Amino acid sequence: MDVPLRDVCKYVNEKVNVIGVVVETTFAKKTMGTDYCCALRIIDDTRHDFSMAANVFGKSTENLPLVAALGDIIQLSFVSVTTYRGEANVTFNKNTSTFALYKSKDDDGLNSYQVSRPYFVPKDEDKIIINKLRKWLINFQFSEDSSKFPFFRELKEETFVNLACKILHHSEAAKDEWVIFVWDGTDTQSNAICSNLENELKNPLPLQRDHLSLPRDILCTFPTVGTILRIIFHIGVEKSHFHLLTIGKWVKINNLRLKLYAGLWHGIFTVQTKLQYISNEDQLIAERQRSVASLVDSIWCIILLKLMYVSYEFWSRLADERLSLILGRMPNLSFPEPSPITVVNHRDHVRPVTLMSVLTHSKVTAIFKCVVRVVAAMPCKAENLRSSTGKYRMRLTLEDPTARIHALVIEEDVVTLFDGIPDAEKLERKLNKLLGISEDNSIGGVKDTTRNPPWVCVCLKSYYLSKDDIWGTRNFRVFDTKILEDSS
DNA sequence: TTGGGG
């Protein structure tokens, strides 16, 4: 019985044939039973406000429908109708049901690109339905409530979220351990930091592991504004549908687990995580692109640009909604307003850049002004400030919404930073200020401190250690930066 | 059988 999706609910406990557009899919996963499963959701022109679940089982992942792209058409024959929580859905039985997959566009006519059984041929009436669905889909807007898809800047708690984001890159961090880099143009909020400063040498506050391991030519393709979120795969998720995470494409990822690790957000793609159909014209993409859209189009900005000698990059980081902020004061994103805790020498006119701009800068040696949080410092005791060679040196861990890096402070720069060689009391007082440690929670007292470092302005220089590998041995130093005494 | 948005 060929049934439009609207009428499937009339055939509970019966077998039906349906043809629908695949708007969601999980990756293949092992079931609690004997098989593998792919949970799809489908729509058609008779039912598109709320998709219908179609669960397909197979002996192996190869027996499951591997949709080439969301929005493709699936023909499901002899599937049983059941209800779950008041909703009808269809179940594909590996012994009796069949499926066939067709592209959403008619590039290859009515040839299916995957079938569950060989020699499967669609009937003429099936072909009519497929053609009708293809035509209907062209003008169909699969719209979604924006509030179900928060921006990165709205992420607050460890939970499951839906994200609409752009895939920037994939990387195999270790054998079969993939990291996906996604971005939506906004900055995640800064988080409290909890680490034992005295243990920073043995157990340092982690950087994003991949910043240094990614090839430089890849890193340089990354946007320099907006947080890049890392997504890892939970155990048990087959990589069957990896191709749906196409680099450069926007995707909707549903039910992604969100975790904080050492103050950094990352996503975990679980067996319940789904990829959802998104058209290039989707309003959610438009919203996100608007948030990073260049303001250069506006005459105002062209005038301002010329007047202020600021770069395209600077303006391109500003969302429309940030315009009012930038004109009044520094925006609270990418360039958070720094606290008056530090001063930088003679660089009032220099525009600050993000740490990702620093990492991807075209020259290996350069100087920068950045607005960052100092999330860790080593050593944190004055008596350890001198190295074995007698030099004063300190390693700071700096972060902004785009990256987290190490930067050294050496010799004369230590003197500048602390306004003289600091004794134990001065070092503790100034470091507490820089790291956002309250008096009663200070370094000398409680060892594991939860701290919320303030945004401060620093001068950074990049340099290299070996001429043979200038990029591989590139380091950063803080210089020309002074922690101010309390005005009180 | 299994899973079905959480």
Side-chain angles (χ1 to χ4, degrees), chain A residues 3 5 8-9 11-16 18 20-44 47-67 70 74 76 78-99 116 142-150 154-165 231-238 240-241 244 251-260 265-278 284:
Chain A
V3 176
L5 295 187
V8 166
C9 55
Y11 297 87
V12 177
N13 297 327
E14 292 183 49
K15 296 271 201 300
V16 294
V18 293
V21 176
V22 181
V23 289
E24 266 186 36
T25 182
T26 58
F27 282 29
K29 60 182 163 184
K30 186 105 178 67
T31 67
M32 299 294 274
T34 56
D35 296 328
Y36 285 84
C37 170
C38 215
L40 310 176
R41 292 194 78 90
I42 56 175
I43 58 169
D44 71 2
R47 174 178 162 152
H48 44 77
D49 293 337
F50 188 69
S51 57
M52 190 176 72
N55 302 307
V56 183
F57 296 94
K59 265 196 295 201
S60 72
T61 54
E62 289 80 50
N63 301 117
L64 296 173
L66 187 63
V67 285
L70 287 157
I74 193 163
L76 293 159
F78 305 106
V79 288
S80 31
V81 180
T82 54
T83 57
Y84 181 73
R85 296 184 179 170
E87 280 291 330
N89 60 62
V90 293
T91 304
F92 179 97
N93 182 305
K94 67 184 175 198
N95 299 315
T96 53
S97 311
T98 55
F99 73 77
S116 58
F142 187 62
S143 57
E144 200 103 30
D145 179 4
S146 295
S147 66
K148 289 185 185 166
F149 288 83
E154 296 169 292
L155 305 179
K156 278 198 182 75
E157 53 182 332
E158 295 195 334
T159 178
F160 286 85
V161 286
N162 304 328
L163 296 179
C165 51
I231 298 176
I232 56 170
F233 285 88
H234 194 262
I235 301 159
V237 184
E238 299 284 324
S240 58
H241 290 69
L244 294 177
V251 290
K252 283 189 197 168
I253 305 176
N254 285 7
N255 209 26
L256 183 76
R257 191 167 167 206
L258 200 63
K259 286 287 282 182
L260 254 182
W265 288 111
H266 67 275
I268 303 172
F269 202 105
T270 73
V271 289
Q272 283 102 29
T273 303
K274 295 182 168 192
L275 291 181
Q276 192 181 72
Y277 173 72
I278 189 165
L284 293 174

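Computed from a prediction, not measured in an experiment: that's the story for all the values here. The basis for the numbers below is simple: all heavy atoms, side chains too, and nothing from hydrogens, waters or symmetry mates. In the text below, chain A, chain B and the rest are named by the order of the sequence lines, each starting its count at 1.
- Looking at heavy-atom distances under 4.0 Å, A:K29 makes contact with sugar-phosphate atoms alone, never a base.
- The base of B:dT1 is paired with the side chain of A:T34 by a donor and an acceptor separated by under 3.5 Å.
- In this structure, CG of A:L40 is placed 11 Å from P of B:dG4, rounded to the nearest angstrom.
- If you check every strand for non-hydrogen atoms under 4.0 Å, A:N162 touches a base.
- The phosphate of B:dG3 has neither OP1 nor OP2 within less than 4.0 Å of any side-chain N or O from A:K94.
- For the pair A:Y84 OH and B:dT2 P, the computed distance is 11 Å after rounding to whole Å.
- Proximity of A:R85 to the phosphate of B:dG6: a side-chain N or O atom is located under 4.0 Å from OP1 or OP2.
- Residue A:T159 is classed as having no contact, given no heavy-atom separation below 4.0 Å to the nucleic acid.
- A straight line from CD of A:Q272 to P of B:dG3 spans 10 Å, rounded to a whole angstrom.
- Here the side chain of A:D35 is nearest to one of B:dG6, B:dG3, B:dT2, namely B:dT2.
- When rounded to the nearest whole Å, the span between NZ of A:K148 and C1' of B:dG6 equals 13 Å.
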Evaluate A:S60 against A:E62 for side-chain hydrogen bond (donor to acceptor under 3.5 Å, both in side chains), listing each step before the verdict.
CA-CA 5 Å; A:S60 72; A:E62 289 80 50; 3.1 Å; yes
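- In this model, a side-chain donor or acceptor of A:T91 finds a partner on the base of B:dG3 within 3.5 Å.
- The side-chain contact (heavy atoms from CB on, under 4.5 Å) test with A:C38 is passed by exactly one of A:N55, A:V22, A:L64: A:L64.
- In this structure, CG of A:N255 is placed 10 Å from P of B:dG4, rounded to the nearest angstrom.
- The residue A:E24 sits close to a base: some heavy atom pair falls under 4.0 Å.
- Taking A:T82 as the reference, A:N89 meet the side-chain hydrogen bond (donor to acceptor under 3.5 Å, both in side chains) condition, with sequence neighbours excluded.
- Atom CG in A:N93 sits about 13 Å away from atom C1' in B:dG3, given to the nearest Å.
- Regarding A:F27, its CZ atom lies at a distance of 18 Å from the C1' atom of B:dG3, rounded to whole Å.
- For the pair A:F57 and B:dT1, the ring geometry does not qualify as stacking, because the centroid separation below 5.5 Å and plane angle under 30° are not jointly satisfied.
- Both A:A54 and A:G33 lie near DNA chain B, and the one whose nearest nucleotide falls closer to the 5' end is A:G33.
- For the side-chain hydrogen bond (donor to acceptor under 3.5 Å, both in side chains) test, no residue two or more places apart in sequence or in another chain qualifies with A:T91.
- As rounded to whole Å, 15 Å separates atom C1' of B:dG3 from atom CD of A:E87.
- Aromatic stacking is not marked for A:F160 over B:dG6, as the cut-offs of 5.5 Å for the centres and 30° for the planes do not both hold.
- Checked against the 6.0 Å centroid criterion, the rings of A:F269 and A:F27 qualify as a close aromatic pair.
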